[in-house]
Amino acid sequence: MAIETERGTMTGDEMVALTKRHTLFEWSAQSKVDPIPVAGAKGVYFWTPEGKRFLDFNSQLMCTNIGHGHPKVIEAIKRQAETLAYVNPFMASEPRARLGAKLAELTPGDIDTFFFTNGGSEANENAIKLARFYTGRHKILARYRSYHGATHGAMTLTGDPRRWASEPGIPGVVHVPDPYHGIQRGWDDVGLALANLEEVIQLEGPHTIAAFFLEPVTGTNGILIPPDGYLQGVRDLCTKYGILMVADEVMSGFGRTGEWFAVNHWNVVPDLLVMAKGLTSAYVPLGAVGMRRAIADHFSDRVFYGGLTYNSHPLGCAAALATLAVYEEDDLIARAKRTGVLMKSLLDDLASRHPIVGATRSIGLFGIVELVKDRKTMEPLAPFNGASEPMAKLARFFREEGLYTFVRWNTFFTNPPLIITDDELRHGFDIIDRGLKSIA
Ligand SMILES: Cc1ncc(COP(=O)(O)O)c(C=O)c1O
């Protein structure tokens, strides 16, 4: 694919220097950040002002599922901006009307009503409210190996160490362990995982618990694919105790796992379904929380105490509608499932040839590699919540070779746009292969 060579007015160095001078980078000590300056992007590639091209093996932040620069979505955003760029959320608009109806078609079970937000964190904030208002209970369960967002409530739900600096968070949030305990301890079987969850429910008092938030396939915290029976068991426990099951599909939704939503793999219908990222493929910010009919009905005579100036933003809704049309017309969900089979075999191949690969996991185009010091002890190549020289070296290798992906603790991700071709995927794995050799 040709790189567009037309440049803006800034060099990469100027862009980085001025950005660092006047803007704050997230999750970082500012002196440590070393951002890639990006001038443009198309398909599975993006490039710097000087024309260094990167294969985007993480769909940016696991969100540009349809790839970069899709003309159909760009056109829809332009048209909407010309027609009606903004209208306040007390009014109705055509993109809002059509998007709600379209999502009602695509989401599982009787989920048919949506509250639109700017992104995933805000969608989770509103899911907390919906669950509390609907049940009249206040406690929320969430899991330790999870990320639910950086606003105050979503940050409290988040189990991973990014939560610690924001504590104490909102009251009433209780964390439960996951079925996965890290590469050295591995997985609980379904029976044990569900028994542990039920024990926490008993200890906390089922009548005090409004909701259980979980990523059906956990994203940043390890592409954790639950054993068959786990999500069905969670569904049953939630039903038994009148607790709302909230599926946070901000990362796992919209084809990432080879289904529209990860819960579809196990035929589970959550009470609330939280989405963002792939909803617009991040071309314009938009999140949503979808709810089952009974929950929507609850608010027909009761006030929903929630609002946002940018709720149901026409540009977001128009971008989402066009993005959903791209998934359908280009058959990207089925394509992700097919390409996911190849990706699994490429991951297996890495594991068979590199002793530092301790585990690989993938579902659709949602993949991860966990690296270990050796396979006997399974000691991770970087500690929990930590870094190490070999992992830093691997990250530098990827960057030099033009492969962009997320390197975190002892793991790195393989989450390319769903449009990736077999050859592009193989090319990415070839760079990974050489990278692993370089740190062996
Ligand atoms: C599962 C999950 N939930 C929520 C969020 C937060 O979404 P946002 O960053 O759009 O607020 C993320 C972001 O990565 C996520 O992965």
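Everything numeric here is computed off the predicted structure, so don't read it as measured data. In listed order, ligands and their atoms are each counted from 1.
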Of the backbone atoms (N, CA, C, O) and the side-chain heavy atoms from C-beta on, which set of [X] has a member under 4.0 Å from an atom of ligand 1: side chain, backbone, both, or neither?
X	answer
E249	neither
E215	side chain
N124	side chain

Taking [X] first and then [Y], would you say they form a salt bridge - that is, a charged N and a carboxylate O separated by under 4.0 Å?
X	Y	value
E215	R143	no
E167	R163	yes
D34	K20	no
K102	E105	yes
R396	E400	no

Checklist entry - In the protein, what heavy atom is nearest to atom 5 (C) of ligand 1, and what distance, to one decimal place, separates them? => result V250 CG1, 3.8 Å

Item to check | Heavy atom of the protein closest to atom 2 (C) of ligand 1 (residue, atom name, distance) | outcome: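 Here the closest protein heavy atom is Y147 O, 3.3 Å.
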
Checklist entry - Between the candidates G120, A247, A282, which shows the shortest non-hydrogen contact distance to atom 10 (O) of ligand 1? => result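 Looking at heavy atoms only, the winner is G120.
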
Checklist outcome for this item: A student comparing S146, S121, A154 should find that the heavy atom closest to atom 6 (C) of ligand 1 comes from S121

Checklist entry - Any N or O on E122 sitting closer than 3.5 Å to an N or O of ligand 1? => result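 No; the residue has no nitrogen or oxygen that sits under 3.5 Å from a nitrogen or oxygen of the ligand.
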
Checklist outcome for this item: Here the atoms of ligand 1 under 4.0 Å from any heavy atom belonging to D248 are 1 (C), 2 (C), 3 (N), 4 (C)

Checklist entry - In ligand 1, which numbered atoms sit nearer than 4.0 Å to a non-hydrogen atom of M251? => result 14 (O), 16 (O)

Checklist entry - Is there a donor-acceptor contact under 3.5 Å linking the side chains of Y404 and Q60? => result no

Item to check | Validation row: V246, V274 side chains within 4.5 angstrom (heavy atoms) | outcome: yes

Next on the checklist: Is any side-chain heavy atom of F413 closer than 4.5 Å to one of V369?
Outcome noted: no

Checklist entry - Any non-hydrogen atom of K277 lying under 4.0 Å from ligand 1? => result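 Contact present.
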
